[in-house]
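Excluded from the calculations below are hydrogen atoms, water molecules and symmetry mates; all remaining heavy atoms, backbone and side chain alike, are included. Numbers here simply count residues along the sequence, with the first being 1. Treat the numbers as computed from the prediction; the structure is a model and nothing was measured.
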Amino acid sequence: MTAAAILAVDGGNSKTDVALVDAAGGVLGAARGPGTSHHHLGLPAAMETLEILVVAACRDAGLPAAGRPLAEVGVWCLAGLDLPADDEALGPAVAGRRWARQVLLHNDVFAVLRAGSERTWGVGVVVGAGMNCVGVAPDGREVRFPAIGELSGDWGGGRDVGMAAVGAALRGEDGRGPRTTLGRLVPGYFGLPSALAVVEALFVGRIERRRVLELVPLVFSEAEAGDPVASGIVARQVDEVVAMAGAAIRRLGLTGRDVDVVLGGGLFHRDAPAFIERIGAEIRTIAPAARLHQVAAPPVVGAALLGLDRLGSSSGAAERLRATLTHARLQALQPVAAS
């Protein structure tokens with residue numbers, strides 16, 4: 001008999017949350033630490049980082065970490081679990097650690113979907129630095145997307161929005177495109193005299209390219225102020241969200257259902273009601289009864305709920321879990337450092 005019913009993991013590129021949960025939805029222990037993407041760290045280092053976090057969650061729960069398995073069901077919702085090759089690499093690596101008797105491996109968007117819906121089915125879209133989408137039908141059929149960027153036909157997320165802002169600023173400056181307030185604001189943000197100077201600084205590495213993510217609020221604020229170019233960038237992001245969610249809805253045959261569409265990620269955590277309203281309006285042209293939700297719970301809650309679903313736990317267990325595995329509970333933890 002294991003001490004915990006569920007070992008839940010939400011493993012992102014920059015942050016990982018781990019929780020040990022009992023069958024009644026009570027939180028026994030938790031840990032928060034660095035990202036555990038096998039693409040970024042390599043598979044051995046990713047597994048070692050997960051081990052450190054699992055041990056920390058056991059310590060928080062006052063449970064011994066040596067005896068394996070630690071839980072009946074382990075649910076790993078991991079960033080970068082996008083392709084069959086990822087499943088083939090991570091499945092044996094996770095199972096080999098014997099953290100849990102049953103192993104459920106999912107992309108991390110599944111955690112966002114389940115955290116943002118009371119149902120076991122629906123469509124989830126995450127728009128952070130990049131974007132991804134998953135769908136689950138009432139009968140358990142799933143839809144996933146590779147979501148590996150330009151190679152898989154993707155556009156969207158903070159990186160693309162930020163890069164579009166830089167490109168639009170330069171095109172307006174050199175005459176290839178319309179003038180835009182971004183032509184003044186993008187260089188001003190970085191303390192440079194021109195859009196060309198920003199492009200040069202990014203190209204030669206004086207400014208790290210990841211910093212284009214910082215331009216996202218600027219793009220949204222200028223779109224709301226009426227700049228046509230910024231509005232076009234935001235409109236393209238709306239179209240991409242709807243394209244992914246709509247494809248999932250159609251492929252699963254949910255156009256006639258009141259499907260939950262759960263939105264998560266940094267682009268949805270800003271005060272941009274018009275952005276959300278436009279997404280909702282366009283999705284309802286595909287599925288008129290669709291219901292939009294912005295995820296409020298930590299995604300690790302979704303991972304734990306997937307475990308409770310597997311165990312056939314009651315709705316009361318889900319309610320208890322949501323009430324106790326909160327942002328405040330996780331933020332109060334001392335972050336665990338990787339070795």
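Among all heavy-atom pairs drawn from D258 and R291, the shortest one is O-NE, 3.8 Å. L43 and A89 make their closest contact through CD2-O, 3.7 Å (heavy atoms, listed as atom of the first residue, atom of the second, distance). The two residues A24 and R320 make their nearest non-hydrogen contact at O-CD, 3.4 Å. The two residues A197 and S194 make their nearest non-hydrogen contact at N-OG, 3.0 Å.
Within the model, atoms CG of L70 and CG of L28 stand 11.5 Å from one another, a figure rounded to the nearest 0.5 Å. A distance of 5.5 Å separates CZ of F145 from CE of M244, quoted to the nearest 0.5 Å. Going from atom OG of S14 over to atom NE2 of H40 covers 9.5 Å, rounded to the nearest 0.5 Å.
The backbone N or O of A56 lies less than 3.5 Å from no partner atom in the side chain of D60, so there is not a single donor-acceptor pair. Side-chain atoms of D309 never come within 3.5 Å of backbone atoms of T120 as a donor-acceptor pair (strictly under, hydrogens ignored). Between the side chain of S117 and the main chain of L113, no donor-acceptor pair closer than 3.5 Å is present. With hydrogens and angles ignored, the 3.5 Å screen pairs no side-chain donor or acceptor of T255 with any backbone N or O of A287. At least one donor-acceptor pair closer than 3.5 Å links the side chain of R144 to the backbone N or O of L81. E173 places a side-chain N or O within 3.5 Å of a backbone atom of A195 that can act as its donor or acceptor partner.
Ion pairing of R236 with D160 is absent here, as no side-chain N (NZ or NE/NH1/NH2) approaches a carboxylate O to less than 4.0 Å. Salt bridge E51/R98: absent, no basic N to carboxylate O contact under 4.0 Å. One finds a salt bridge joining R206 and E200 here, because a Lys/Arg side-chain nitrogen approaches an Asp/Glu carboxylate oxygen to under 4.0 Å. Note on R322 versus E319: no salt bridge recorded, every NZ/NE/NH1/NH2 to OD/OE distance being 4.0 Å or above.
In this model, a donor atom of one side chain and an acceptor atom of the other lie less than 3.5 Å apart for T180 and D227. Neither side chain, H39 nor N13, offers a donor N or O lying under 3.5 Å from an acceptor on the other. Side-chain polar atoms of Q237 and W155 form no donor-acceptor pair below 3.5 angstrom.
For the pair D108 and P299, the minimum side-chain heavy-atom distance is 4.5 Å or more. For the pair R141/W121, no side-chain contact is recorded, criterion being any heavy-atom separation below 4.5 Å from C-beta on. Contact of the R257 side chain with the P138 side chain is registered, since non-hydrogen atoms from C-beta on lie closer than 4.5 Å. No side-chain heavy atom of E142 sits under 4.5 Å from any side-chain heavy atom of R251. Between V125 and V262 there is no side-chain heavy-atom pair separated by less than 4.5 Å. Between I207 and L192 there is a side-chain heavy-atom pair separated by less than 4.5 Å. Here the side chains of L311 and I6 are in contact, with some heavy-atom distance below 4.5 Å.
L20 and L333 sit in two unconnected hydrophobic clusters of ILVMFWY residues. Membership requires side-chain heavy atoms under 4.5 Å apart, directly or through other members. Hydrophobic clustering of Ile, Leu, Val, Met, Phe, Trp and Tyr side chains at less than 4.5 Å, counting indirect connections, keeps L83 apart from F110. W99 is not connected to V300 by any chain of hydrophobic side-chain contacts under 4.5 Å among Ile, Leu, Val, Met, Phe, Trp and Tyr, and they are in different clusters. Linking ILVMFWY side-chain heavy atoms closer than 4.5 Å, directly or via other members, places F268 and V242 in a single hydrophobic cluster.
In this view, E208 and R210 satisfy the salt bridge (charged side-chain N to carboxylate O under 4.0 Å, His left out) rule, not counting sequence neighbours. Residues forming a salt bridge (charged side-chain N to carboxylate O under 4.0 Å, His left out) with E224 (at least two apart in sequence, or on another chain): none.
Enclosure of atom CZ in R159 is not indicated, since only 12 or fewer non-hydrogen atoms of other residues, nucleotides or ligands lie within 6.0 angstrom. Under a cut-off of 6.0 angstrom, the local environment of CZ in R310 is sparse, with at most 12 non-hydrogen atoms contributed by other residues, nucleotides or ligands.
Checked against M47 for a side-chain contact (heavy atoms from CB on, under 4.5 Å), the options V94, L41, I52, T36 give a single hit: V94.
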